[in-house]
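What follows is a set of notes on a single structure, which appears directly below.
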Number of protein chains: 2
Amino acid sequence: MQGKTLNTNAQAVLDVLRANSNHPTAQELYEQVRRVRPNIGVATVYRILHQLREQGMIREIGRDVECRYDADTGHHDHAICTLCGALLDVPADVRIPQDQLLRAAQSAGVELNDYEVRIYGRCRQCRQQNN
Amino acid sequence: MQGKTLNTNAQAVLDVLRANSNHPTAQELYEQVRRVRPNIGVATVYRILHQLREQGMIREIGRDVECRYDADTGHHDHAICTLCGALLDVPADVRIPQDQLLRAAQSAGVELNDYEVRIYGRCRQCRQQNN
DNA sequence: ATGGGTGCAAATCCTTTGCATCTGC
DNA sequence: GCAGATGCAAAGGATTTGCACCCAT
């Protein structure tokens, strides 16, 4: 499963990330990695994280620069185009049922105050143009 | 449904947002609102958006300042504590089934390259402390 | 005059980028 | 000597905050 040979820094970042059971932020990782390689810079950590993600070795959670707004407070399921960034609504009849989400919430030990389902992939338009 | 009386600016923001079928960003809203009230500042738009959200009149989508990382590329369902910000994994046996997400994706017209389910609510710890 | 709402600009936060340096080959 | 990797600092983009001002009460 080792797609590529990682250099020392990249390996250190990956090791530190794997040692975390939670989901650290880039900054948190940076601080932890510094204990092992004191001279490493933030930029390097960010660069390595991008590489690792491109190689599919790690996963980014919740990458969202800007916040979007919706006047319809009932919409919870969204499809996001990975090319043009469009944010589309999932039609009401195929949304994930609440009771399933409730079960997931309970298993994770949180209340279900709110939720969001985000589906990522190329939208129809982008598929045609960029095919 | 009008919980409070909105002032002129707030009403303008809400009107503009309601006139949008897509999900505009704060900046986009700002630009649109400026057509109606040319002197309004960005800060005011942001302040109003926060108020509206607190009153439950609008919904924020994908509010995430920092990006989190996961060495396990298989995890897609998360629970996020609204108090302490902890990001927890949903146990494997209660995750949302892929075929449902696939159906949702198809209905919205996007490929299913990736997805994320996020459930928001107070985690066990915070509930005890903050009860 | 008083308090809330506002515009402007500066400040913040996370992330990216430019660039000169360093390293291994 | 070169290519790729790196550290540092500056830049960037979205959002927040400080502050003085303004307006209606």
Side-chain angles (χ1 to χ4, degrees), chain A residues 3-17 20 22-55 57-70 80 82 84-87, chain B residues 3-17 20 22-55 57-70 80 82 84-87:
Chain A
K4 285 258 172 95
T5 325
L6 301 176
N7 73 25
T8 340
N9 276 337
Q11 191 62 55
V13 171
L14 186 56
D15 288 346
V16 167
L17 179 54
N20 274 259
N22 53 341
H23 305 277
T25 63
Q27 302 284 337
E28 285 165 356
L29 278 173
Y30 169 58
E31 275 150 38
Q32 289 185 43
V33 171
R34 266 220 287 191
R35 298 200 202 117
V36 189
R37 338 204 89 241
N39 291 329
I40 201 170
V42 225
T44 305
V45 172
Y46 277 101
R47 280 186 284 240
I48 288 173
L49 286 171
H50 291 336
Q51 288 169 27
L52 293 175
R53 182 200 36 161
E54 264 167 30
Q55 297 176 227
M57 308 185 72
I58 66 171
R59 176 166 227 286
E60 274 181 352
I61 303 172
R63 145 60 94 253
D64 261 325
V65 249
E66 61 216 337
C67 187
R68 293 174 170 277
Y69 291 89
D70 192 339
I80 297 147
T82 45
C84 71
L87 182 60
Chain B
K4 286 259 173 96
T5 325
L6 301 176
N7 74 23
T8 340
N9 276 337
Q11 190 62 55
V13 171
L14 187 55
D15 288 346
V16 167
L17 180 53
N20 274 259
N22 52 344
H23 306 278
T25 63
Q27 302 284 339
E28 285 164 358
L29 278 172
Y30 167 58
E31 274 150 38
Q32 290 185 42
V33 172
R34 267 222 286 191
R35 297 200 201 117
V36 189
R37 340 206 85 242
N39 290 329
I40 201 170
V42 224
T44 305
V45 172
Y46 277 101
R47 279 186 284 240
I48 289 172
L49 286 171
H50 290 337
Q51 289 169 28
L52 293 175
R53 184 201 34 161
E54 263 168 29
Q55 297 176 226
M57 307 184 73
I58 67 171
R59 173 167 230 286
E60 274 181 352
I61 302 172
R63 145 57 96 253
D64 261 325
V65 249
E66 59 215 340
C67 188
R68 292 175 170 277
Y69 291 87
D70 191 339
I80 297 148
T82 46
C84 70
L87 182 60

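Sequence lines set the chain letters: A, B, ... in the order given, protein chains first and strands last, and positions in each chain run from 1.
The CD atom of Gln55(A) sits 9.5 Å away from the CG atom of Leu14(A) when rounded to the nearest 0.5 Å. Residue Leu87(B) holds its CG atom at 4.5 Å from NE2 of His23(A), rounded to the nearest 0.5 Å.
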Derivation and outcome, side chain to side chain contact (heavy atoms under 4.5 Å, CB included), residues Leu52(A) and Val13(A): CA-CA 9 Å; Leu52(A) 293 175; Val13(A) 171; 4.3 Å; yes

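Between the side chains of Gln32(A) and Asn20(A), a donor-acceptor pair is found at a separation under 3.5 Å. In summary, the side chains of Tyr46(B) and Gln51(B) do not present any donor paired with an acceptor at a separation below 3.5 Å, with no hydrogens or angles considered.
By the 4.5 Å heavy-atom criterion applied to side chains, Ile40(B) and Tyr30(B) are counted as neighbours. Side-chain contact between Tyr69(A) and Arg59(B) is absent, with no heavy atoms from C-beta onward closer than 4.5 Å. Side-chain contact check for Arg34(A) versus Arg37(A): every heavy-atom pair is 4.5 Å or farther apart. Using a 4.5 Å heavy-atom cutoff, the side chains of Asp70(B) and Ile58(A) are not in contact.
Not one side-chain nitrogen or oxygen of His50(B) sits closer than 4.0 Å to the OP1 or OP2 atom of dT15(D). Contact between the side-chain N/O atoms of Tyr46(B) and the OP1/OP2 oxygens of dT15(D) is found at a separation under 4.0 Å.
Distance Leu49(B) CG to dA14(D) P: 15 Å, rounded to the nearest Å. As rounded to whole Å, 14 Å separates atom C1' of dG5(C) from atom CG of Leu52(B). The distance between atom CD of Gln11(B) and atom C1' of dT6(C), rounded to the nearest whole Å, is 18 Å. The CD-C1' distance, from Glu31(A) to dT15(C), rounds to 15 Å in whole Å. A straight line from CG of Leu6(B) to P of dG5(C) spans 11 Å, rounded to a whole angstrom.
Terminal axes of the helix from dA1(C)-dT25(D) to dC25(C)-dG1(D) (five pairs each, C1' rotation axis) are separated by 10°, to the nearest 10°.
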Contact pattern, 5' to 3', of nucleotides 4-9 of chain D - B, S or - by protein heavy atom under 4.0 Å: -SBBB-

Contact letters for nucleotides 20-25 of chain D, in which S counts primed atoms plus P, OP1 and OP2 and B counts the base, heavy atoms under 4.0 Å: ------

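At distances below 3.5 Å, at least one donor-acceptor pair connects side-chain atoms of Asn7(B) with backbone N or O atoms of Asn9(B). Without hydrogens or angle criteria, Glu28(B) side chain to Thr25(B) main chain gives a donor-acceptor distance under 3.5 Å.
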